[in-house]
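What's counted below: heavy atoms across the whole structure, side chains too, no hydrogens, waters or symmetry copies. Note that ligands are numbered from 1 as they come in the structure, with each ligand's atoms numbered from 1 the same way.
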Amino acid sequence: MKLVQTHIPGYPRIGAARELKFALERFWRGEASEAALQETASKLRAQHWSTQRQHGLDCVTVGDFALYDHVANHVQLFGCEPSRFGFTGGEAPLARYFAMARGDSAHEQCGCGHNGAALEMTKWFDTNYHYLVPEFDESTAFELHSKQLLDEVTEARAAGHRVKAVLLGPLTFLWLGKERNARDGFQRLDLLDSLLPQYSRLLMQLRVAGADWVQLDEPILGLDLPNAWRNAFEPAYWLLNQSGAQLMVATYFSPLEENVSLACRLPVAGLHVDAVRAASELASVADWLPAHKTLSIGIIDGRNIWRSDLDTALATLMPVLAKRTGPVWLSTSCSLLHVPFSLAAETSLDEEVKPWLAFAEEKLAELALLKAALSADERVSGQVARGFAEARAALASRRTSARVHNADVAKRMAALACDPAAARRHAPFAQRQQLQRERLRLPAFPTTTIGSFPQTQQIRTARAAFKRGELPPAAYQQAMREAIEHAIRQQEEFGLDVLVHGEAERNDMVEYFGEQLDGFTFTANGWVQSYGSRCVKPPVIYGDVQRPQAMTVHWAQFAQSLTGKPVKGMLTGPVTILQWSFVRDDQARADTAQQIAAAIRDEVRDLEHAGIAIIQIDEPALREGLPLRRSRWDAYLDWATKAFRISAAVAADATQIHTHMCYAEFNDILPAIAALDADVITIESSRSAMELLGGFASFRYPNEIGPGVYDIHSPRVPGSEEMADLLRKAARVVPPAQLWVNPDCGLKTRAWPETAAALQNMVAAAQKLRAELEPS
Ligand code: GLN
Ligand code: ZN
């Protein structure tokens, strides 16, 4: 039997009890010193390494820790903080770090010509982690500041660990950034030549500091890369390899496809591949990779929380091991940043579901079991056999559980699948529009909001007390009804045309529905870093989804009983619910989406029966579900838009279906947006000054659109003339009869005074437009 080693591409850093989050917040509030923050950080690193060591990993990973974000760490490591911040070099590194991460309000106001706005945040590949976007221009210079990283290597070595340092590879680092204030024709790839020498120096330093290996993450090898970027890999790595450090290039999240041979050819000592997302490529990688190189196989899913099928994993590994003469490492598919720490903290989790799961620490144990099974002469040595038996039992229980498989759901899915009419509104849009206009009698440029109103302290307190069992149901209902009544009265006063109940009862737009659907469960501590100190606790979808009873109808009905104006029913769409949860891996995502869609469909029907004439189905996550490879977009958009239509199409023609998406990059998915066939779509557009509407106009988007006229992310109250101007701009590209008037997104993070002022101005803006260009 061959000896394999184990490692992981990275570990979560926020702390099992979110220690880093709380330490950061104390520091930001001025309640703790920098030394206290650094001490927490160093304790967490020590703990995480020792956990890795306890589970028998052959080296610990150093460099995956970040106080805020690992990409921001690289900006400091390579000394390329954007000049717009106006740093003099006199500031403490930590102050500059947090200025980039959170903005430097002093500089925003000082009139010195500098711009202290935080670095933009964007999603890390197709995960829900947000990184800070580096900014590059032709004057960007690099200067190595490696002390922190080298200190961490020393820390780990002092604790007796064998060290593998991890860095973003130079190409991925540049790729993740953007050009800002750069001269025409400048491309950030132009900076590679000046960046590489700094990488080389760093690699030498790491070697001297005692890092046995350096992992260079190049997940962009799984993207559709422009040729210039692909061609840059070989020469760059040829240079880096001169440093004498042992380099492992790591890829993950997506198949390498046309880059398989490029990745295998790179002049480095090892290659890590994702054998979960790119399972079918493993064999060809094993063939292509030169015999002397180390192959790291990411066999355990680092993106999800399910216990692995160890027998299947062994069956996958055996032929590869038989073929390879060079060293083989076993690993998780990617960094464990995307999963919670440990099941040990889940004391109240559903007893049946718990053994089906594996969080970060349990995944380390799985690696240890695989390694033991592959390395032992006697496969059935007691502990390994017990570990495998336990895993098999858990998997068998999951496969056969009545909680997972619901025959009614299966029957309904089969029926839906062979009924194309179920995913299609009865009449085409033009006819529906006519019927809806007759029914709703709305003015031109109808005004509305996106759903939520300010979540006051009072609302939060009532909800939390109810959840803890300290507020009786009747008192809770009463508190929510008061919040709804308040929201309705306010909206009437502002003069809005289509009202909402305000979502006071919702803590979160996915959790609220998940808690009421069969097939979902919730952890107590399953936190995953979203950005900086922010964490999310995604629901776990473990089984067939079904809606036992109505979820929102009584709130909507109550709200509608208070007013003669139409009240919009408010639902979260199937793709968003799917996208923001941990999704079961024993059936296709498309199938799970369709089950959720059927549950939302039931809710749409019940809302309609309760007399609700307008129903909004929010899909803010539709776009982020796009696969990393364009060749897979169509298949995704196909099932995703179908799921939306299954939810919506049960509505009668005279019922108006709205959808909402809070982002502005639509151009490459406009056909899919149109395929949703929502009667009205509301989108973010105030920050881009309606720029995105150009796309809608040239596409001749057929249905009605509400381009947001004010940015809800800021407390600033825009004047009515400013909003009217945006509307005039919109009316130049979209037929005025198609336009709605609304903010960019929900108002739950705002306070009432600014909300009232902004919405009154918004209504005034709509009135101006009606007077100016009443559409015929
Ligand atoms: N209806 C939700 C709200 O108003 C929509 C939130 C979102 O788009 N993320 O809060
Ligand atoms: Zn939104």
Q) Given the rule in the side chain to side chain donor-acceptor pair (under 3.5 Å) test, do Thr659 and Gln616 qualify, once you have shown the distances and angles that lead to the verdict? A) CA-CA 5 Å; Thr659 189; Gln616 179 171 311; over 6 Å; no
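- Between the Arg770 side chain and the Ala765 main chain, no donor and acceptor come within less than 3.5 Å of each other.
- Ring-plane geometry between Phe466 and Tyr476 is classed as parallel, the angle between the planes falling under 30 degrees on a 0 to 90 degree scale with a further cut at 60.
- Both the sub-6.0 Å distance and the 45° axial angle are not jointly satisfied by Arg584 relative to the ring of Tyr542.
- Listed by chain and residue number, the protein contacts of ligand 1 are Ile450, Gly451, Ser452, Glu503, Met509, Met570, Asp618, Pro620, His660, Cys662, Cys745, Gly746 (heavy atom within 4.0 angstrom).
- Taking the six-membered ring where tryptophan is involved, the planes of Phe125 and Phe253 are tilted, since the angle between them lies from 30° to 60°.
- By the 6.0 Å contact criterion, CD on Glu25 is enclosed, its count of non-hydrogen atoms from other residues, nucleotides or ligands being greater than 12.
- Around the Zn ion (ligand 2), protein N, O or S atoms at less than 2.8 Å number 3.
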Q: Begin with the C-alpha distance, continue with both residues' side-chain angles, and end with the deciding distance and a verdict on salt bridge (charged side-chain N to carboxylate O under 4.0 Å, His left out) for Glu721 and Lys768.
A: CA-CA 9 Å; Glu721 194 44 36; Lys768 285 187 193 179; 2.7 Å; yes
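- Below 30°, between 30° and 60°, or above 60°: for Phe453 and Trp752 the angle between ring planes is below 30°, a parallel geometry.
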**Q.** Audit row: Asp679, Gln433, side chain to side chain donor-acceptor pair (under 3.5 Å) steps and yes/no
**A.** CA-CA 7 Å; Asp679 298 302; Gln433 188 180 39; over 6 Å; no
